[in-house]
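Worksheet: one structure, shown below.
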2 protein chains.
Amino acid sequence: MTDSPNIAALAAPLADPARARMVLALMDGRARTVGELGAAAGLGKASASEHLAKLTDAGFLKAERQGRHKYLTLASPEVAGLIEAMMALAGRTPARLPQIGPRDPALREARLCYNHLAGALGVRVYRSLSACGYLAHRPGGLDLTPSGRAFCHDFGLTETDLAPARTPLCRDCLDWSERQSHLGGRLGRLLLQRMEALGWLRRRPEGRALIVTPEGRRAIGLAFLPDAEVPKPAA
Amino acid sequence: MTDSPNIAALAAPLADPARARMVLALMDGRARTVGELGAAAGLGKASASEHLAKLTDAGFLKAERQGRHKYLTLASPEVAGLIEAMMALAGRTPARLPQIGPRDPALREARLCYNHLAGALGVRVYRSLSACGYLAHRPGGLDLTPSGRAFCHDFGLTETDLAPARTPLCRDCLDWSERQSHLGGRLGRLLLQRMEALGWLRRRPEGRALIVTPEGRRAIGLAFLPDAEVPKPAA
DNA sequence: TGGATGGTTCGGCTAAGGTCGAACCATGAC
DNA sequence: GTCATGGTTCGACCTTAGCCGAACCATCCA
């Protein structure tokens with residue numbers, strides 16, 4: 001009777017509004033304490049603790065103790081990917097309201113998705129890299145081409161950054177607000193870090209929205225095609 | 001306070017085991033009546049009706065009346081895709097049990113995913129088409145190349161089959177048991193239909209598993225590479 | 001050592017929702 | 001018209017689980 005994968009067990013932890021808000025609050029990839037997440041969800045300590053225990057038991061969250069604090073993060077990029085995918089679908093289901101995507105324009109333009117860049121800017125980077133032949137799309141996922149590798153070097157990434165490792169270098173991630181892919185995986189994280197180091201982007205103390213600095217706006221305009229054509233199938 | 005997309009509202013309908021079983025029962029793309037789905041979930045008429053109303057309200061299912069029957073199907077390929085993605089993730093979360101993928105080997109080899117071919121065979125077809133340069137992967141999705149178009153003609157598909165339309169011709173679908181992509185979209189459906197017409201595959205009256213006929217096994221061995229290499233990024 | 005603070009556990013309250021039988025409504029068959 | 005049947009609605013029961021205050025435990029600080 002129960003030979004099927006337990007979708008229900010996977011969905012149940014997310015089915016509570018308070019828990020969903022907590023998970024969403026972690027979508028910027030940063031770690032939060034129990035108290036912070038409880039406050040974000042409008043709960044007391046007790047409820048927050050129970051909810052978070054449920055989420056970690058279900059494998060959505062990972063906990064790490066530091067002194068008397070307990071820091072919670074999303075358990076894996078796969079989890080983050082599922083959440084973004086659900087957001088993308090949730091945005092379209094409410095047939096009653098045209099409320100598509102985030103209201104906050106800053107969130108639409110550039111935001112953190114777990115640990116990489118998302119939003120219109122993330123999609124633009126992804127499309128530009130694809131159009132220039134820096135990313136190769138294959139069935140299982142995504143590869144950095146040799147020319148892409150060269151581009152990354154010019155961009156300031158090191159050999160060791162791009163070395164093969166256990167986790168995939170490139171990864172597709174469906175963008176919630178744009179309904180297109182942006183770049184995740186280790187490379188997504190590295191590019192974001194580099195852009196921060198270059199002063200193009202800055203994180204806000206709160207929230208997932210990223211600040212695009214004036215020089216960042218200029219530099220990105222030069223480095224990435226504004227509305228890249230998708231590579232055409234070979235003739 | 002509720003400025004975030006309501007993940008919870010999306011997850012809640014799936015969070016009940018009975019409802020999850022019903023949705024899973026529809027993953028073969030066929031339509032079922034309320035009574036059939038209730039029986040599949042082990043429920044009475046009353047409960048089945050209520051659950052199914054909830055699922056259709058949430059946008060997961062689509063209902064169509066025929067006489068005194070009410071036929072339910074999955075609402076869209078997007079929904080089917082989310083379910084398969086959740087199955088893929090649910091298969092890995094139970095850190096306690098190594099229960100990966102379906103127990104039924106027939107289900108592993110070839111099965112219906114909504115309306116196209118999934119399982120090891122579906123992945124093989126997908127990889128072979130990609131390796132032969134028939135499918136072009138681009139950021140937003142997937143395209144049929146001119147040579148792929150020729151292949152489809154040889155395979156027995158018509159011009160009108162492959163004509164542009166509102167719904168995408170090709171679509172990635174993450175395979176639950178294989179953890180790789182297989183081919184969805186209109187082309188996925190057409191290929192499956194063609195394979196059935198050729199007598200390569202047969203549907204079972206019950207369940208999602210497909211029967212691979214002996215001649216089908218032979219023909220598929222000739223038509224599709226057994227373990228195709230993934231196309232390498234351009235040098 | 002004592003106090004402040006973050007987190008967990010416990011107990012009790014309450015609301016939500018799943019289940020079923022029974023009544024009811026519609027459709028189709030005779 | 002009458003009956004059988006698929007589906008929905010209603011009412012009652014009961015379990016689940018979310019919520020909080022209070023007690024408790026652990027850690028850090030003074």
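Note that the coordinates shown come from a computational prediction; the quantities given were computed from them, not determined experimentally. Just so it is clear: chains get the letters A, B, ... in the order the sequence lines come, proteins before strands, and each one is counted from 1.
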Could you tell me the separation between the [atom1] atom of [X] and the [atom2] atom of [N], rounded to a whole number of Å?
| X | N | atom1 | atom2 | result |
| --- | --- | --- | --- | --- |
| A:Lys54 | C:dT8 | NZ | C1' | 15 Å |
| B:Lys45 | C:dG21 | NZ | C1' | 10 Å |
| A:Tyr71 | C:dG7 | OH | P | 8 Å |
| A:Glu36 | C:dT5 | CD | P | 16 Å |
| B:Leu43 | D:dG6 | CG | C1' | 16 Å |
| A:Leu14 | D:dA17 | CG | P | 15 Å |
| A:His51 | C:dT8 | NE2 | C1' | 15 Å |
| A:Leu52 | D:dA17 | CG | P | 17 Å |

With a 4.5 Å cut-off on side-chain heavy atoms, are B:Leu112 and B:Met27 touching? no
As an exercise, state the distance from NE2 of B:His51 to CZ of B:Arg19, rounded to the nearest 0.5 Å. 5.5 Å
Within this structure, what is the CG-CG distance for the pair A:Leu210 and A:Leu192, rounded to the nearest 0.5 Å? 6.5 Å
What nucleotide, of [options], holds the atom closest to the side chain of [X]?
| X | options | result |
| --- | --- | --- |
| A:Val34 | C:dA22, C:dG18, C:dT8 | C:dT8 |
| B:Ala46 | D:dC10, D:dG18, D:dA22 | D:dC10 |
| B:Glu50 | C:dC10, D:dT9, D:dA17 | D:dT9 |
| A:His69 | C:dG7, D:dT8, C:dG21 | C:dG7 |

Distance check: side-chain N/O of A:Ser47 vs OP1/OP2 of D:dG18, anything under 4.0 Å? no
Tell me whether the side-chain N/O atoms of A:Lys70 come closer than 4.0 Å to OP1 or OP2 in D:dT27. no
Between B:Glu84 and B:Arg111, is the closest basic N to carboxylate O distance under 4.0 Å? yes
Considering the options B:Arg208, B:Arg124, B:Arg217, which one meets the salt bridge (Lys or Arg N to Asp or Glu O under 4.0 Å) requirement together with B:Glu109? B:Arg217
Considering the options A:Arg189, A:Arg202, A:Arg203, which one meets the salt bridge (Lys or Arg N to Asp or Glu O under 4.0 Å) requirement together with A:Glu196? A:Arg203
So how far off straight is the helix from C:dT1-D:dA30 to C:dC30-D:dG1, going by the axes through five pairs at either end, to 10°? 20°
Spell out, as yes or no, whether a donor-acceptor pair under 3.5 Å connects the side chain of B:Asn6 to the backbone of B:Ala8. no
